[in-house]
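What follows is a set of notes on a single structure, which appears directly below.
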Protein chains: 2
Amino acid sequence: MTTSPDGSFRPRSKRERTLAALIGAGLDLFERQGYEATTAAQIARTAGVTEMTFFRHFPTKAHLLLDDPYDPVLIAAVAARPRAERPFLRAVNGVRAAWRALPEPEEPAIRRRVRIVARTPSLRGEMWRSTGETERSIVEQLVADGAAPEAARVAAASVLAALVAGLYSWAERDTGTLTDAIDDALDVIDVRHD
Amino acid sequence: MTTSPDGSFRPRSKRERTLAALIGAGLDLFERQGYEATTAAQIARTAGVTEMTFFRHFPTKAHLLLDDPYDPVLIAAVAARPRAERPFLRAVNGVRAAWRALPEPEEPAIRRRVRIVARTPSLRGEMWRSTGETERSIVEQLVADGAAPEAARVAAASVLAALVAGLYSWAERDTGTLTDAIDDALDVIDVRHD
DNA sequence: GGCTTCATGTTAGTCACTAACATTTCTGAA
DNA sequence: TTCAGAAATGTTAGTGACTAACATGAAGCC
């Protein structure tokens, strides 16, 4: 995502301008009154647009916060790990590598969004649902390289859970870099790097 | 839960009789037409009752499947592990112990419900949301005994994710006991039992 | 058998979406 | 510049998950 700290970005087409307006209004309202108390219609109105238009840009209200492009990167990073590693370590190390590649300037925008998610139970559920797709792709990759499907599923799920838990902790405080936070989180479940 | 394989149980009061009717109708309909395609009103009608009555028994449609009483057991089991264990192992071993205590006769009913959840993305999200409460309790316990909050959060989240992944795998096949499935799942993330 | 309480029904409304169709706004080529 | 086709938006109407307020019926207790 090309957002800057306030959620806006340099608009090219009209579509992108509306998108930016919606995201800006959404983040503001969510932070001020909470996610549940904010209505899709209200966000749309604030952005000078109709409710219908909101749903043309986001399939669900939650997608305003959860639409991220990191998943393909993650999947690729896991795939790039040596096939000889056992599934669990492959997943851990892949996730580690993927997030190290994240440009630091994007961190404030991510923190803002994740913080809202971390504080809203229904959004945590949505986050997990969206992570589910990433999970499936990682499992596919591991299984294609010879892992047992059930072990692969457990590995992917627990590593992603650790990642998300680390993300939440990082977002709730105001200090530290994302990369460090994720490294620390993965260290908890990955005692020995062999 | 005191349900038998078909989701029914010996009814005492009128309330329990309606509850049983709703659960029975719900499971049947979910299995036949899928969760999303089944309406709360339809379940209610099938159970010979009004939509309003449905929501008097279950706060949400998902609760018909996710209302389980296992969480307190789980929390207690984690608490029972020696305080000297590091948080991650305490969580792993606690979860292991908790599920070993499950009476086998309940397995078919659990399998039926979990199978529906496993096949419905939105329910996987709901499951995670409901697991979130368990997670918080486990974290509280670990932190009260001296663990770092962030490590405790990661430990609880990833162990529960492994547990749920194991549950899903088990429910999707027709063989094996729940206890074994969960042990296998936890083995994936817990290499060395020290 | 009357009285209280609990389970249920009724009605009306909010909010997240979806579908079908109409209208406006861009944009690129003549 | 102009004008057609595409893209973005608006309008209307509806479904389904819930919620609140109020009314009614049936259970259980004395």
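In the text below, chain A, chain B and the rest are named by the order of the sequence lines, each starting its count at 1. Values below: all heavy atoms of this structure, side chains included; hydrogens, waters and symmetry mates excluded. Worth saying up front: this structure is predicted, and the values here are computed from it rather than measured.
Using a 30° and 60° split on the angle between ring planes, B:Y35 and B:F30 fall in the tilted class, from 30° to 60°.
A salt bridge links B:R90 to B:D145: one of the charged nitrogens lies within less than 4.0 Å of a carboxylate oxygen. In summary, A:D190 and A:R96 engage in a salt bridge, as defined by a charged side-chain N under 4.0 Å from a carboxylate O. Between A:R115 and A:E31 there is no salt bridge, since no side-chain N of the basic residue sits under 4.0 Å from a carboxylate O of the acidic one. Residues B:D174 and B:R111 are not paired through a salt bridge, judged by the lack of any N-O separation under 4.0 Å between the basic side chain and the carboxylate.
For B:R56, taking side-chain heavy atoms from C-beta onward, the closest of the listed nucleotides D:dC22, C:dA16, C:dT11 is D:dC22. The nucleotide whose nearest atom lies closest to any side-chain atom of B:K61 is, among D:dC18, D:dA8, C:dT18, D:dC18.
Remark: B:V49, B:T50 in residues 40-51 of chain B come within less than 4.0 Å of DNA chain C through at least one heavy atom.
Atom-to-atom, CZ of A:R15 to P of C:dT27 comes out at 13 Å; the value is rounded to the nearest Å. The nearest whole Å value for the distance from the NZ atom in A:K14 to the C1' atom in C:dG28 is 18 Å. One interatomic measurement links the two molecules: CG of B:L66 to P of D:dA17, which rounds to 15 Å at whole-angstrom precision. Nucleotide D:dG14 holds its P atom 19 Å from the CZ atom of A:F55, rounded to whole Å. To the nearest angstrom, C1' of D:dA17 lies 12 Å from CD of B:E36. As a whole-Å value, the separation of A:L22 CG from D:dA8 P is 13 Å. Distance A:M52 CE to C:dA16 P: 13 Å, rounded to the nearest Å. In this entry the distance linking NE2 of A:H57 with P of D:dA7 reads 14 Å, nearest Å.
Sorted by first then second residue, the ring pair (Phe, Tyr, Trp, His ring centres under 6.0 Å) pairs that include residues 161-188 of chain B, not counting sequence neighbours, number zero.
One hydrophobic cluster, built from ILVMFWY side chains closer than 4.5 Å, cannot hold both A:V78 and A:V139; they sit in different ones.
Contact annotation: B:T53 does not reach the phosphate of C:dA7 (side-chain N/O to OP1 or OP2, under 4.0 Å). Dashed line: the shortest gap from a side-chain N or O of B:T18 to OP1 or OP2 of C:dT8 is under 4.0 Å. OP1 or OP2 of C:dA16 has at least one side-chain nitrogen or oxygen of A:T39 nearer than 4.0 Å.
Defining each end axis of the helix from C:dG1-D:dC30 to C:dA30-D:dT1 as the rotation carrying four pairs' C1' atoms onto the next four, with five pairs an end, the two axes are found to diverge by 10° to 10 degrees.
Within the 4.0 angstrom heavy-atom criterion, no nucleotide atom of any strand lies near B:H63. Counting non-hydrogen atoms under 4.0 angstrom, B:T38 reaches the backbone sugars and phosphates but no base.
A:W128 has its side chain out of reach of B:V164: every pair of non-hydrogen atoms, C-beta onward, lies at least 4.5 Å apart.
Counted within 6.0 Å of CZ on A:R83, heavy atoms from surrounding residues, nucleotides or ligands total 12 or fewer; the atom is thus considered open.
When every heavy atom of B:E172 is checked against every heavy atom of B:A118, the shortest pair comes out as OE2-CB, 4.0 Å.
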